[in-house]
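For reference, the structure discussed in these notes is given below.
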Amino acid sequence: ACGSKDESSNSGDQKDKKKSDEVLKIGAIPDQSATEMKTSMDAVAKHLSEETGMKVEFVPSVDYAALVTAFQRGEIQLAFFGGLTGVQARNLVSEAEAIAQRPRDAEFHSVFITQTDSDIQSLSDVRGKSFTFGSESSTSGHLMPRYYLMKEGIDPAKDFDGQPNFSGSHDTTYKLIESGAFKAGALNEAVWETAVKEKKVDTNKVRVFYTTPAYYDYHWTINKVDKETKEKVKAALLSMTPEQLSGLNMFATDRFIETKNGNYEAIEEVAKELKIIK
Amino acid sequence: MERTTILEANTITKTFGKKTALSSLSFFIHKGEKVALIGPSGAGKTTLLNTIAGIVEPDSGEWIVAGKRRTDYKSGKAFAKKVGVIRQQFDLVGQLAVIHNVLAGRLAEWGLVKSLFSLLFPRDKEMAVAALKRVGLEDKMVEETSTLSGGEQQRVALARLLVQKPEIVLADEPVASLDPARAEDVLAIFSSIVTEENQTLIASLHSVEYARKYFTRIIALKDSKVFFDLPTDQVTDQLLDDLYKLEGSDGHG
Amino acid sequence: MERTTILEANTITKTFGKKTALSSLSFFIHKGEKVALIGPSGAGKTTLLNTIAGIVEPDSGEWIVAGKRRTDYKSGKAFAKKVGVIRQQFDLVGQLAVIHNVLAGRLAEWGLVKSLFSLLFPRDKEMAVAALKRVGLEDKMVEETSTLSGGEQQRVALARLLVQKPEIVLADEPVASLDPARAEDVLAIFSSIVTEENQTLIASLHSVEYARKYFTRIIALKDSKVFFDLPTDQVTDQLLDDLYKLEGSDGHG
Amino acid sequence: MVRTVISPLRKHKRFTLTAILILVFAWSLFSVQWSPELVHAGGVVMIIEIAKGLISPSLSPDVLLLGLKASWLTLTYATAGMAIAIVYAFIAGVLASGILSDGRGAKFFSRIFFRGILGFTRSIHELVWAWLFVAAIGLSPFAAIFALAIPYGGILGRIFADMLTDLPSQPIEALKTSGASRLQLLFYGYLPLVRADFISYTMYRYECAIRSSAIMSFVGLGGLGYQIQLALADLKYNEVWTYVFFLILLVILIDGWSSLVRSAMLEKGKKRIFVSGRISALVAAVLVIVSWCYINIWEGASLASLFTKENALYGAKFFGGMLGVGEESPAFFQAESWGNALRMTLETLEMSIMAIGFATIAAFLTVIPAARNIADGSLTAKRHWYSWIVFGIVRISYIFSRAVPELVWAMLIVFILKPGLLPGAVALALHNFGIIGKLWAEVIEDMDSRPVRNLASAGASKWQSLFYGVVPAVMPKFLTYILYRWEVIMRTTIVVGFVGAGGLGQQFKLSMSFFHYSELTLLLICYMLLVIIADLVSETARKSVK
Ligand SMILES: Nc1ncnc2c1ncn2[C@@H]1O[C@H](COP(=O)(O)OP(=O)(O)OP(=O)(O)O)[C@@H](O)[C@H]1O
Ligand SMILES: Nc1ncnc2c1ncn2[C@@H]1O[C@H](COP(=O)(O)OP(=O)(O)OP(=O)(O)O)[C@@H](O)[C@H]1O
Ligand SMILES: [Mg+2]
Ligand SMILES: [Mg+2]
């Protein structure tokens, strides 16, 4: 009785074409405070829309894997992935391509934090303590910290006080340490620095006790689209000015630079070693 | 009185596990007779009626209904024209309106579509109205059956029988749980309907008094056997005392 | 026969909405009397018994029980020593063993701890055994009550009364739904217990026959009023016919 | 003679079962190493933070508006899902009851076959269905709707079939003897007889569907759960509670409606039933139509768009992945993975037993004052001025406890308790405590009051009446409900695992995050095994106490 308005125009290629003509859906892994992501991603969407003439829309996501799946299904055309999720996504969609990153992403670090008054001084001290990662799919909140823990001879499945927790996001991680819920945790260095700068975390209570060596991390990946669109989007991202980016806490950067798929081979190696990618 | 045999029990036997409910019963019932089945609890009255109605299958023996073996009635509909059953109020679908419970007596005549349609717009309404008038309930036609009193529900079941018009009517304790006045009331209507329509009636009863007053013949069951089978006027008080006497095994201090 | 008044109805009135169940009833009952309450369905028999037992509060009027106003009995325990109630088998807790249902008659005497303990290791067991012997059920002591037959359950309820030993026994249709033999059996035991223990019995009944056989006095209720109140031997068939006669309003075709 | 042997055995059975249940519960407690360290060092701080949010929920217009929108979405998904579930349940239920088949063989086959289908569809939790649907048809509202409709249809259908087979046989036999055919029997006998029960059970399930619809967010579908999750990720507890209150309100609304419908059907107030019954039917019809229109038009989702080549492709890829296509050694062929999965399975079992144990204890301690007929003194003929206050408090705690989905409880609990089995068990217990309490209170309210009143008139005090009259009478039903809820909890364990509360669910989430599809298959097999075993055990145990 109640037909849908676009039922007729909904089949096959026609739909695909229409979609890409009409809206470019962008997404990001939900690794930080949702409100901050919304402000930042909306700003990017606005800029992209002005530059490319397309309608650009930010689709929030609640789960890393859900974003990857949506990307695989073509429901998201452009996504700000972490190192690991980017690799996962490009494994699923072979035409997808890493196009831009922040300067810092080439030399990214994770930090390990604990309470100021705790006795943890080095990575090996976390043995026997309670510990929280960020999301399961996070590069800087899980993959690389786990990698460096293993290198130190600590098996997260056995050597902590109880099973390690997955807090879901970097912001949650430092809040959990601050409240004393866990003795130690690992998170993305950029998020940590922003939190310190903006006084969202009380440095009288939390301190960093270890910083990992550098690795490649976050980057923009574009889905299977025609070449013209890809170029337009890439150019638009690279053209974002420090003014436009200032205040966007999610990125904490002043510009985006080029990147390529090959930059993330090391991450893929690590993931394979940890049996996260098979 | 006509002497046509309408119902014949042919060595009917039924056991439940170790318990024998009917042991090799045989008798004839003639058209127009009104037979009361009496006997102590557990004697087999309900089981006997159920084997006629086909609710319980006898272990051996068979019923000859209107000259044809019970098992030879292929369709339920054909059999429903011969035999109708009435028990206590539990026989009605409480959630339906009175008229639909009465019209259920017509289901044997109707196809599926007609019967579905009738749930919205009752068919053969005049028949139902006439039947309800006959039992004094024409004003309760559209009420939900479960809201009626026990006696009224019993009369609704009678109305269904009136609409169904079977040749033989089986009734299992039709007036248990009614008070004396209502019980007599229902039995009086029942008895007069059966006579008018020239039907045959077989009813189980707990009250000997009613059996004497409204029935022409009494079959007493005891321990799964026929204890006596006599015209009403030949039933003595002595026989009845023997019938209901408790056995030693059922003793108390 | 002693002439001590043990129970007095003092203009008891009760209405449910528009329906009057009891209109200004007054009478005396003497110690040792066995009173049958009879009357058509809805006459108010159950309501009357319930006002004595305190299950229904009368709108006005009061009961004087053993010289004291009903409402002046502060504790349920004290009242329970005066008045005991027995109805149909529904009064028993089916999931408990027979012995616990019987011993429930002792709850008025016991504290909480003792009664809880008794659920595991029955106390005052001899009393229960004696009472069960009296009603012929000593072998069923540990069975689950719900597995007993209707007649047996009724006798368990009697055993409870034997243990409770109230001065007045109220019974609401104690033998409805039992077959004639079992009904007489239960009434006979009941009647002899009441006489032996010098108790007073008030029972509602549907069967006039039983009322005549086992009771010393008959109070007939009709339309919420006392229709007659006579010693059993003065009750005539004419009176009974009038009592149960249907009114015109209840007519049928 | 036979009776004297059988009857103590029967009593014995109930007692034995109770003893076994207590022992099993005690065993499950050993799976947790009890120490004060189970609570995070900062757990107390967290509790305070969460409690602060509870007493001062956010009332900002933005949040309220968002809450309202999300509530509407949750309601429409639930309504649309239930509409499909009812159709499915009706058809499959009638067939599974066997009342339409004539011969023995046909009846048997139809029963086994359709009961099997109903059993399979309800054994998988709606959230798992949602995950499978999202993978197959994408983030469409239909993923949520189908995910709801399938297990709910399975549950409704089974209950419907049970109702049809458990009917009093007299009216049906009477109709049969008056010559009704099978289909005529259905419409003149079976349906009118079960109508009231079926409607009231459906209403109760509708309330559950609202909660399930809310948690569909976990796979990325919108609604209240989505907002709760976002607010939790930001640790904005005051907003979390605002959305939770929206959910509670929605549940109370449906609960109120359903008790209105139920009481109208119970009271044979003649005219009034028809009026309120018709209005309810009308409201229900309007709700269903509006929900479907909303989903089709506003959400821009249409059924036709689901059946595209792409969807078929993605679906095939996903399920191919689950079957291990293209993998050298799929997880379900590896002994090591099996060992791991079975360990998780055992943990999950322990979690579910702990959960039902905690919930039972809490409900047992509170249920007596929560029954209306005890509060108003009508059951035990004893009244106290404070009865109604206690009644109110307990009943509100029941509503609160069951209105919040176990998943949301779990998300809160993992902030307080360390990861492991305990937080999952506690979250499940918190949710089921309110359900068991409510069901039990209704058992007490519906019990035959005559024996209890007679005890009172034999001089029993209030507590004596409770232990001699109430407890023995309600115990079999209480046990039945415990077992029945345990089945449900078993199904739900996988869900609390998603948020880090341990067991199979947590592993499921990890495998999902890493796209290890063949592991998913292995875990699902273990999960289904667990559910089927739980159903069998519970059914056998329930039969034995009847
Ligand atoms: N379905 C059954 N399963 C087992 N035993 C049964 C069944 N139906 C009847 N019986 C047994 O068969 C015997 C006869 O039962 P039936 O119901 O025919 O007696 P009845 O004369 O109708 O008794 P009542 O006057 O109490 O109704 C009884 O001993 C009864 O226990
Ligand atoms: N709780 C109640 N609410 C409303 N009306 C009631 C209630 N209890 C009894 N009545 C009405 O009061 C009248 C007397 O009822 P009561 O049960 O005392 O009759 P009774 O003589 O015991 O009848 P029966 O022989 O059928 O048991 C009846 O009209 C009945 O409908
Ligand atoms: Mg019988
Ligand atoms: Mg009465």
Side-chain angles (χ1 to χ4, degrees), chain C residues 50 52-55 75-98 100-119 139-149 152 157 160-161 163-166 170 172, chain D residues 1-15 17-19 267 269 368 373 376-384 443-444 447-480 544-546:
Chain C
N50 283 346
I52 311 180
I55 295 165
S75 93
K77 305 213 177 226
F79 189 70
K81 299 213 176 132
K82 295 290 171 202
V83 177
V85 181
I86 183 171
R87 281 174 299 186
Q88 297 172 26
Q89 60 269 38
F90 315 121
D91 271 356
L92 300 175
V93 181
Q95 293 83 352
L96 281 183
V98 167
H100 296 304
N101 263 311
V102 174
L103 286 174
R106 297 286 294 158
L107 289 178
E109 314 279 332
W110 291 349
L112 180 61
V113 178
K114 190 167 176 185
S115 48
L116 274 182
F117 191 71
S118 169
L119 279 176
D139 52 329
K140 308 266 174 170
M141 199 163 70
V142 294
E143 299 205 7
E144 202 178 298
T145 308
S146 61
T147 62
L148 270 57
S149 78
E152 287 168 340
R160 180 192 285 179
L161 269 189
V163 161
Q164 188 186 337
K165 288 209 181 74
L170 307 179
D172 192 10
Chain D
M1 227 25 251
V2 180
R3 261 206 208 135
T4 38
V5 181
I6 289 173
S7 147
L9 259 182
R10 273 182 58 177
K11 246 180 304 163
H12 213 63
K13 249 186 194 170
R14 208 172 292 149
F15 179 77
L17 181 67
T18 315
E267 274 173 37
I368 297 283
N373 51 353
D376 69 12
S378 65
L379 185 64
T380 52
K382 305 279 182 328
R383 230 167 305 217
H384 299 290
V443 170
I444 297 183
M447 70 176 278
D448 184 355
S449 62
R450 289 173 297 194
V452 182
R453 266 201 251 125
N454 203 55
L455 284 176
S457 67
S461 69
K462 176 172 174 169
W463 288 104
Q464 283 175 330
S465 307
L466 283 178
F467 285 107
Y468 271 73
V470 179
V471 173
V474 296
M475 219 47 204
K477 275 221 162 143
F478 276 21
L479 280 177
T480 308
S544 79
V545 293
K546 253 187 193 151

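Per chain, numbering begins at 1; letters A, B, ... match sequence-line order.
Of all heavy-atom pairs spanning C:S115 and D:Y468, the tightest one is O-OH, 2.9 Å. Among all heavy-atom pairs drawn from C:L92 and D:P451, the shortest one is O-CG, 3.3 Å. The two atoms that bring C:L112 and D:W463 nearest to each other are CD1-CB, 3.5 Å, heavy atoms only.
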Could you check D:Q464 against C:K77 for side-chain hydrogen bond (donor to acceptor under 3.5 Å, both in side chains), going step by step and ending with a plain yes or no? CA-CA 12 Å; D:Q464 283 175 330; C:K77 305 213 177 226; 3.1 Å; yes
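Residue C:R160 touches chain D through its side chain alone, counting heavy-atom pairs closer than 4.5 Å.
Note that the CG atom of D:L455 and the CG atom of C:N101 stand 7.5 Å from one another [nearest 0.5 Å].
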